[in-house]
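If you're wondering where the values come from, they're calculated on a predicted model, not measured in any experiment.
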Amino acid sequence: MGARSAVVVTHSRVRASGHLVDEVEEQLRRDGFRVSIVDNIAAPEFGSPSQKVADDTEIVIVLGGDGTILRAAELVKGTQVPILGVNLGHVGFLAEFESFQIGEAIRRVADHDYSIDERMVAHVDLWIPGADRPLSDWALNDMTLERYDRGKMIEVSVRVDDVEMSSFGCDGMIVATPTGSTAYAFSVGGPIVWPDAQSLQMVPIAAHALFARSLIIGPKSQFTLDILGDSQSAGWICNDGRRQRPVPKQSRIVVRQSRDILRLARLSGVPFTRRLVSKFDLPVVGWREQHRPSAAADGQDQGESQESNKEH
């Protein structure tokens, strides 16, 4: 039986900071893997194809944070190859293991002891004025449309399924997948969406409007954003913080669910709710509950009161 193939994606800073990458590579080789190391993935231009892993790749192991996982996603987009994330960053929402668990993670990979979590991907079409066909791209986390001129607003019209809903000036717009709902969209007030939901959400950034709420649509619907011809600023589009380009006025952006999915390797079976509580360090016990007397103290107080009544 030939060697199995694994790709390790990391950051040049991680390789330069110690022996971790070398240790991971050595353990994979001992377990029968042929290993390729990728530590610097240049972002392709918006609408351009990205580099892909070899057809015989069994798994991509990411050593880094969520940003490194988004870079690795470009390598497996359109394939069936799963990604396993080992968090070396800050929050690490997409990662499955922390750095001190690397040995166990590789052992589980070698034993095929993992499940697959399928994440939906957004398809993004950008129509430039006068173009015969759109520039097409995708997003695992989010598509952001921001103002090109930092001192002015961008004027946009919002449609859902070709029905115009609103238009306003703003700093920008975010269309996020459920995976991206805990990222930029969350930072500007969007809701958290569970990753198995088949939906897209749109969140305005600093909209100058009375009705500029977040909107969530289902898998058969689509968002359309038009940059108005009299907009104060042109736009700048960016997918997953990577693939970007300027967008002139009178351009149209259509975002819908993609036919492609991204596969994340899961080893722990920890539900998303528990991951959410852990990563955000949510206050499970609220401040009111923290200041509420305990039931035992209440019972003791009641007993003392009854004894006092008997004495009187």
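A salt bridge does not link Glu155 to Lys249: none of the charged nitrogens lies less than 4.0 Å from a carboxylate oxygen. Taking the charged nitrogens against the carboxylate oxygens, Arg159 and Asp161 have no contact shorter than 4.0 Å, which rules out a salt bridge.
Residue Val193 is found in a hydrophobic cluster whose other members, listed by chain and number, are Ile216; membership requires side-chain heavy atoms under 4.5 Å apart, directly or through intermediates. Applying the 4.5 Å side-chain rule to ILVMFWY residues, one finds that Phe211 remains a lone member of its cluster.
Not one N or O on the side chain of Arg108 forms a donor-acceptor pair closer than 3.5 Å with the backbone of Arg266. The backbone N or O of Gly103 lies less than 3.5 Å from a partner atom in the side chain of Gln27, making a donor-acceptor pair.
Atoms CD1 and CG, from Ile217 and Leu215 in turn, are 8.5 Å apart once rounded to the nearest 0.5 Å.
In terms of the salt bridge (charged side-chain N to carboxylate O under 4.0 Å, His left out) criterion, Asp162 has no residue partners (sequence neighbours excluded). For Leu210, there are no side chain to side chain contact (heavy atoms under 4.5 Å, CB included) partners, not counting sequence neighbours. Evaluation of the side chain to side chain donor-acceptor pair (under 3.5 Å) rule for Lys52 yields Ser50 as partners, not counting sequence neighbours.
Listed here is the closest heavy atom pair of Ala122 and Val255: CB-CG1, 4.1 Å. Residues Pro248 and Ile128 come closest through the heavy atom pair CD-CD1, 3.6 Å.
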Which atom pairs, donor and acceptor, lie under 3.5 Å between side-chain atoms of residues 196-206 and protein residues at least two apart or in another chain?
residue: Gln198; atom: OE1; partner: Gln257; partner atom: NE2; Å: 2.8
residue: Gln201; atom: NE2; partner: Pro191; partner atom: O; Å: 3.1

TODO: Apply the test salt bridge (Lys or Arg N to Asp or Glu O under 4.0 Å) to residues Glu45 and Arg245: give CA-CA distance (whole Å), side-chain angles for both, the deciding distance (0.1 Å), then the verdict.
DONE: CA-CA 7 Å; Glu45 293 183 3; Arg245 61 156 292 151; over 6 Å; no
Open item on the list: Could you go through Asp56 and Arg34, starting from their C-alpha distance and side-chain angles, then the distance that decides it, and tell me whether this counts as salt bridge (Lys or Arg N to Asp or Glu O under 4.0 Å)?
Closed with: CA-CA 10 Å; Asp56 64 346; Arg34 184 177 70 256; 2.6 Å; yes
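Donor-acceptor pairing under 3.5 Å is recorded for the side chains of Asn239 and Asp137.
Inter-residue side-chain proximity for Arg263 and Ile83 is flagged as unmet; no heavy-atom pair is nearer than 4.5 Å.
Below 30°, between 30° and 60°, or above 60°: for Tyr148 and Trp236 the angle between ring planes is between 30° and 60°, a tilted geometry.
Side-chain heavy atoms closer than 4.5 Å link hydrophobic residues (I, L, V, M, F, W, Y) into clusters, and following such links, even through other members, never connects Ile227 to Ile174.
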